[in-house]
Protein chains: 2
Amino acid sequence: MTKMSDVAKLAKVSTATVSRVLQKPDTVKEETKKKVLEAIKKLDYQPNILARNFRRLETKTILVVMPNILNNVFSEIVVGIDYEATKNGYQVILGNTMLEEQRAHGFMNHLKQKQVDGMILLTARVDIDDLVKVANEYPLVLVSDYLEESDLVTTVAINNMKDSYTITEHLINLGHKKIAHISGPLDMSICRDRLSGYQDALMDHDIHIQYDYLTKGDYSFQSGYDNTLNLLALQNPPTAIFAASDIMAMGAIKAVKSKGLQVPHDIAVVGFDDVEFSKIFEPALTTMAQPFFDMGKTAMQLLKQKIVGEQVQNQFIELKSELKTRESCGFNLK
Amino acid sequence: MTKMSDVAKLAKVSTATVSRVLQKPDTVKEETKKKVLEAIKKLDYQPNILARNFRRLETKTILVVMPNILNNVFSEIVVGIDYEATKNGYQVILGNTMLEEQRAHGFMNHLKQKQVDGMILLTARVDIDDLVKVANEYPLVLVSDYLEESDLVTTVAINNMKDSYTITEHLINLGHKKIAHISGPLDMSICRDRLSGYQDALMDHDIHIQYDYLTKGDYSFQSGYDNTLNLLALQNPPTAIFAASDIMAMGAIKAVKSKGLQVPHDIAVVGFDDVEFSKIFEPALTTMAQPFFDMGKTAMQLLKQKIVGEQVQNQFIELKSELKTRESCGFNLK
DNA sequence: CTGTTAGCGCCTTCAA
DNA sequence: TTGAAGGCGCTAACAG
């Protein structure tokens with residue numbers, strides 16, 4: 001491996017000058033610079049980044065931790081992060097925890113050890129004390145998911161409670177009164193909030209909350225399917241189902257069809273997220289479109305501020321979702 | 001930041017001993033080790049990985065480069081890589097090129113600069129000379145995609161030509177003679193091979209290849225849709241369509257339906273890949289299931305051999321796909 | 001079994 | 001505008 005001293009020798013200058021040519025070319029005389037650049041070219045010199053990182057305690061790399069690479073919800077956020085990062089000269093690397101909390105902490109160590117300049121977490125399913133501690137000492141931003149006490153860590157997210165309220169109200173406005181909910185894992189704030197929004201909407205419209213209409217899914221297609229079969233088997237089955245994710249909504253629809261019923265004719269189904277497939281699916285899903293790209297982009301902007309040391313307050317940035325009315329919810333019942 | 005010398009001082013030993021406790025604990029007397037570990041704990045010492053990497057020229061990290069994080073084909077391979085890597089004490093980081101060739105080279109620099117111990121590429125859409133050169137000097141494995149001259153870089157893939165032949169023959173055996181093909185981007189070997197397999201199957205069964213049945217897609221849903229509309233508008237439209245990816249097959253089916261026709265009743269459609277959604281889609285896709293997990297796992301195994309220096313020959317590992325017969329191809333026409 | 005010591009390659013004062 | 005020199009924190013001979 002050719003090193004800086006080789007270049008220096010060939011160009012008949014000191015290593016300091018070579019370093020300057022690389023870092024602050026303006027401070028070097030034109031002629032000297034030329035000599036050095038020629039030597040670099042001739043030797044095909046590439047600086048040893050490991051040495052540089054070590055010396056500078058900086059890597060120009062940020063780490064994005066996602067809980068499940070197979071879930072497109074996360075991938076779409078990553079695209080936004082990636083866009084903004086690349087624009088600012090940062091390289092993005094991804095860590096995939098496969099839902100194992102422990103692995104998230106492995107990645108947090110990366111950050112602590114300065115192997116990356118900053119970190120964006122797409123999940124809050126980690127040891128919270130550790131998270132808060134790390135977030136106070138190192139550049140870290142949480143996206144999409146958040147903590148109960150949302151001001152402890154800088155966060156970018158949507159208002160799940162409000163958005164969930166909106167979509168439930170949409171069903172109510174369509175004339176539905178018997179509305180069931182398939183929640184996501186309730187150890188996640190966002191899923192609890194979606195549940196709350198649903199309940200609030202019902203209450204505000206004087207609709208009695210029927211507890212066997214509250215089912216618990218786990219974000220999987222299968223759980224949407226299974227819970228729906230249970231709902232359909234009820235004495236007094238619902239006329240509408242609000243699933244806390246599009247994938248579960250698809251499972252729900254599949255279950256409805258398996259019973260010879262039709263969506264939305266017999267049962268209306270709505271989802272949440274608006275992933276790519278929701279448009280392709282038949283019937284196309286009515287759902288709450290999250291601004292994935294913007295979430296990622298905004299998170300990266302905040303992270304960059306933290307990295308360059310603007311001592312920003314912890315903040316909670318709320319982005320707007322948009323209701324997409326498609327086929328699966330049908331039209332006014334009245 | 002507490003450093004090794006702080007620990008050494010507190011434990012009243014040399015830094016070398018502290019280092020040994022961390023690297024080769026067996027070579028240290030039990031009692032000394034205990035002292036050191038206590039000091040480490042008391043100071044909450046964490047080794048500076050940047051310094052260590054620099055010193056060792058080793059990171060225990062491997063980089064996986066994928067062309068498009070939104071495409072689940074790649075994500076599923078990553079899961080296999082991840083599994084095997086974690087088992088062997090390697091951390092996986094992902095690089096996403098968003099189909100920009102240039103960015104792939106950025107990631108190759110990571111490898112050259114020893115920022116990672118090895119690299120798995122999920123795309124061969126890069127400068128080939130550079131790829132071959134890097135592959136000869138550093139641990140690198142190509143998966144799924146491959147080079148025309150497949151022995152230049154160690155590769156794990158399926159036999160696209162054979163698998164494509166199989167699925168085409170399946171349609172022929174069902175009685176179809178008018179079979180169209182929607183290819184992927186033909187600058188990729190795997191897409192050219194899928195096209196060849198299709199043509200070979202037709203020829204072997206004495207079916208004339210009709211050139212307006214050969215259409216060119218780009219792996220997107222939309223291209224499957226558009227090409228199918230064109231096929232249906234033909235004077236003599238096909239009775240079956242073989243799309244080179246599931247996503248395009250879904251687009252094709254959507255197009256067929258948009259014309260008031262039914263799949264498979266009026267037109268049979270088959271795909272290639274067997275992504276998660278293919279089972280959910282209606283009609284469920286008949287497709288060629290790639291062994292994604294095994295591909296990733298095998299690639300990581302080979303990479304590890306390269307990293308630890310077993311001078312393996314460049315090899316081309318071929319894995320078996322499996323035909324999944326579901327609804328979209330229908331049954332025997334005869 | 002443990003300590004001494006000499007760097008790894010780069011960057012950055014400081015002095016010229 | 002340039003060079004000399006020290007050191008980032010860790011590891012791995014080599015001695016003892």
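Chain letters run A, B, ... following the sequence lines, proteins first, then strands; residues in each count from 1. Just so you know, these numbers use all the heavy atoms, side chains as well, and skip hydrogens, waters and symmetry mates.
The side chain of B:R55 approaches D:dT11 more closely than any other nucleotide in the set D:dT11, C:dT2, C:dC10. Relative to the side chain of B:Y45, the nucleotides D:dC10, C:dG9, C:dC11 differ in distance, and D:dC10 lies closest.
Rounded to whole Å, atom P of C:dC8 lies 16 Å from atom NZ of B:K114. Atom CD of A:Q115 is separated from atom P of D:dC8 by 20 Å (rounded to the nearest Å). As a whole-Å value, the separation of B:R56 CZ from C:dC8 C1' is 13 Å. To the nearest angstrom, P of D:dG9 lies 14 Å from CD of A:Q113. In this structure, A:L57 atom CG and D:dC10 atom P are separated by 11 Å, rounded to whole Å. Across the protein-nucleic acid pair, B:K9 atom NZ and D:dG9 atom P stand 12 Å apart, rounded to whole Å. Separating the CD1 atom of B:I40 from the C1' atom of D:dG9 is a distance of 14 Å, rounded to the nearest angstrom. For B:L50 and C:dC8, the CG to P distance is 19 Å, given to the nearest whole Å.
Taking only side-chain nitrogens and oxygens, A:R52 comes nearer than 4.0 Å to OP1 or OP2 of C:dC11. Note on A:K29: every side-chain N or O is 4.0 Å or more away from OP1 and OP2 of D:dT1.
Relative orientation of the A:Y146 and A:F316 rings is perpendicular, given thresholds of 30° and 60° on the angle between their planes.
Within the nucleic acid shown, A:M4 comes within 4.0 Å of sugar-phosphate atoms alone, with no base atom in reach, counting heavy atoms only.
Of the N and O atoms on the side chains of A:K114 and A:T59, not one donor lies less than 3.5 Å from an acceptor on the other residue. For the residue pair A:Q113 and B:R52, no side-chain donor N or O sits within less than 3.5 Å of a side-chain acceptor on the partner.
The side-chain heavy atoms of B:I120 and B:V92, taken from C-beta on, include no pair separated by under 4.5 Å. Here the side chains of B:T298 and B:L319 are in contact, with some heavy-atom distance below 4.5 Å.
Between A:S19 and B:E31, it is B:E31 whose nearest contact on DNA chain C lies nearer the 5' terminus.
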_Is there a salt bridge (charged side-chain N to carboxylate O under 4.0 Å, His left out) between B:R103 and A:D82? Walk through the geometry before answering._
CA-CA 12 Å; B:R103 293 180 68 180; A:D82 204 271; 2.4 Å; yes
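In this structure, the aromatic ring of B:F54 is positioned over the six-membered ring of the base of C:dC8, centres within 5.5 Å and planes within 30°.
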Report all interatomic pairs (protein N or O, nucleotide N or O of nucleotides 3-5 of chain C) with separations under 3.5 Å.
from	atom 1	to	atom 2	distance (Å)
C:dG3	OP2	B:S14	N	3.1
C:dG3	OP2	B:S14	OG	3.4
C:dG3	OP2	B:T17	OG1	2.6
C:dG3	N7	B:R20	NH2	3.2
C:dG3	O6	B:R20	NH2	2.4

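For A:E38 and A:K41, the salt-bridge test fails: no basic side-chain N is under 4.0 Å from an acidic carboxylate O.
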